[in-house]
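First listed ligand is number 1; within each ligand, the first listed atom is number 1. Heavy-atom basis, side chains included; hydrogens, waters and symmetry copies ignored. Numbers here are sequence positions counted from 1.
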Amino acid sequence: MSGAVAPSSGAAPVASGTISGCRACGSDRLLPVLSLGNTPLANALLTEAELAGPEPTYPLDLVFCEACSLVQITETVPPEQLFGEYLYFSSFSETMLRHAETIVGRLVAERGLGPDSLAVEVASNDGYLLQYYLRAGVPVLGVEPAGNIARVAEERGVRTVHDFFGAESAARLAGEGVRADVIHANNVLAHVADLNGVVQGFRALLKDTGTTCIEFPYVKDMIDGAEFDTIYHEHLCYFSLAALDRLFRRHDLVIWNVERLPIHGGSLRVFATPAGSAPEPTDAVRALLAEEQGWGVDRPDFYLGFAGRVERLKQELTSLVARLKGEGRSIAAYGASAKGSTLLNYFGIGRETLDFMVDRSTVKQGRYTPGTHLRIEAPEALRERRPDYVLLLTWNFADEILEQQAEYRRGGGRFIVPIPELRVV
Ligand code: ZN
């Protein structure tokens with residue numbers, strides 16, 4: 001799945017440090033929702049030599065804007081530190097490629113796109129999505145800040161601007177006559193520090209009749225599933241439709257359609273068109289906005305309840321592993337992911353409890369987890385060392401991993417699945 005992660009948001013960097021106002025509306029009415037303390041960067045795996053050195057940590061505090069209801073973290077870590085060690089994985093998962101192919105096929109048909117149209121993708125990576133437009137005879141333009149990845153895209157025929165996306169670069173492209181029928185941005189917005197610049201950029205590049213097609217994890221699904229481990233420094237914002245609608249309207253864009261997707265633990269896909277040309281919002285938009293009012297998208301209580309559930313989960317899981325340790329059981333962990341890093345560091349579960357970590361990624365094996373310094377082994381270590389329990393940190397792939405580990409489980413090994421509800425299988 002790692003191939004689905006862009007090397008950066010693709011958006012122009014802004015000042016790092018702690019924000020004093022909302023990332024979307026600028027209000028200083030930011031209400032603390034959940035503090036995960038000072039944590040190391042969730043993807044900053046360490047080499048053995050680095051274990052002895054200092055490990056920088058940054059505050060990880062989630063707040064709710066009482067003015068526009070955007071949920072966000074307060075710290076902006078400099079991009080060169082966040083993405084300094086990014087490793088490019090060329091193969092997107094089959095699931096991600098099919099997902100891209102399907103939406104492209106649909107938009108080409110629905111909007112009658114052809115040789116005179118233009119499809120743009122922000123953070124276009126190696127052209128994994130735009131390639132399907134090319135096959136349909138629709139011209140494309142990718143915007144991708146990572147030079148090595150932009151080159152891979154160019155080699156497969158995907159015209160790519162090697163740049164950050166924001167108000168400035170969009171204005172420059174618009175000045176060159178670039179106007180898009182569709183702008184894609186998948187899992188970009190959550191990473192963006194200069195939200196207003198990026199949305200202004202969408203507007204500048206869209207034809208009056210053009211539309212965005214933007215996907216991002218849905219804050220409601222994060223909260224319902226107690227998925228607090230999706231909070232880490234790369235993820236600056238956690239959107240509801242209401243919060244995004246307010247942001248877009250400030251930049252003359254109207255969200256006229258929305259779809260819920262199961263991908264990435266629950267996501268939204270929104271279509272927005274410049275005001276004036278935008279169609280009447282669909283029933284889906286009206287229904288979801290009304291549903292959000294129903295569960296309290298604009299009220300702090302909804303988000304404060306989340307913090308309470310995370311606390312309960314912390315108590316349940318830490319007492320379970322402490323009891324197992326007390327009974328002399330051995331415990332390993334599965335999944336050296338950013339999610340896992342947030343969970344272990346916030347719950348304070350480390351080497352005193354866990355013997356080692358396993359992960360299928362050969363790039364991660366032999367390295368150590370941030371903060372907790374667990375050595376990462378290949379999954380085969382579960383069969384060889386036979387821990388009594390395995391804490392499953394990549395619980396979002398539970399079915400797949402439990403199946404892969406059938407042999408370990410037949411031998412009596414058990415998995416602890418922490419989220420959305422603690423269970424032992
Ligand atoms: Zn706000």
Exercise. Looking just at side-chain N and O atoms, do N257 and T282 make a donor-acceptor pair shorter than 3.5 Å?
Worked result: yes
For this session: May I ask you to list the protein N, O or S atoms found at less than 2.8 Å from the Zn ion (ligand 1)?
Result: C22 SG, C25 SG, C65 SG, C68 SG
Exercise. Is it true that R106 and E259 have a side-chain N and a carboxylate O under 4.0 angstrom from each other?
Worked result: yes
Seminar exercise, completed: For D245, the salt bridge (charged side-chain N to carboxylate O under 4.0 Å, His left out) test, sequence neighbours excluded, returns R249
Problem set entry | K314: salt bridge (charged side-chain N to carboxylate O under 4.0 Å, His left out) partners, not counting sequence neighbours | none
Problem set entry | With N345 via side chain to side chain donor-acceptor pair (under 3.5 Å) - residues at least two apart | S341
Exercise. Is the distance between the ring centroids of Y334 and F397 less than 6.0 Å?
Worked result: no
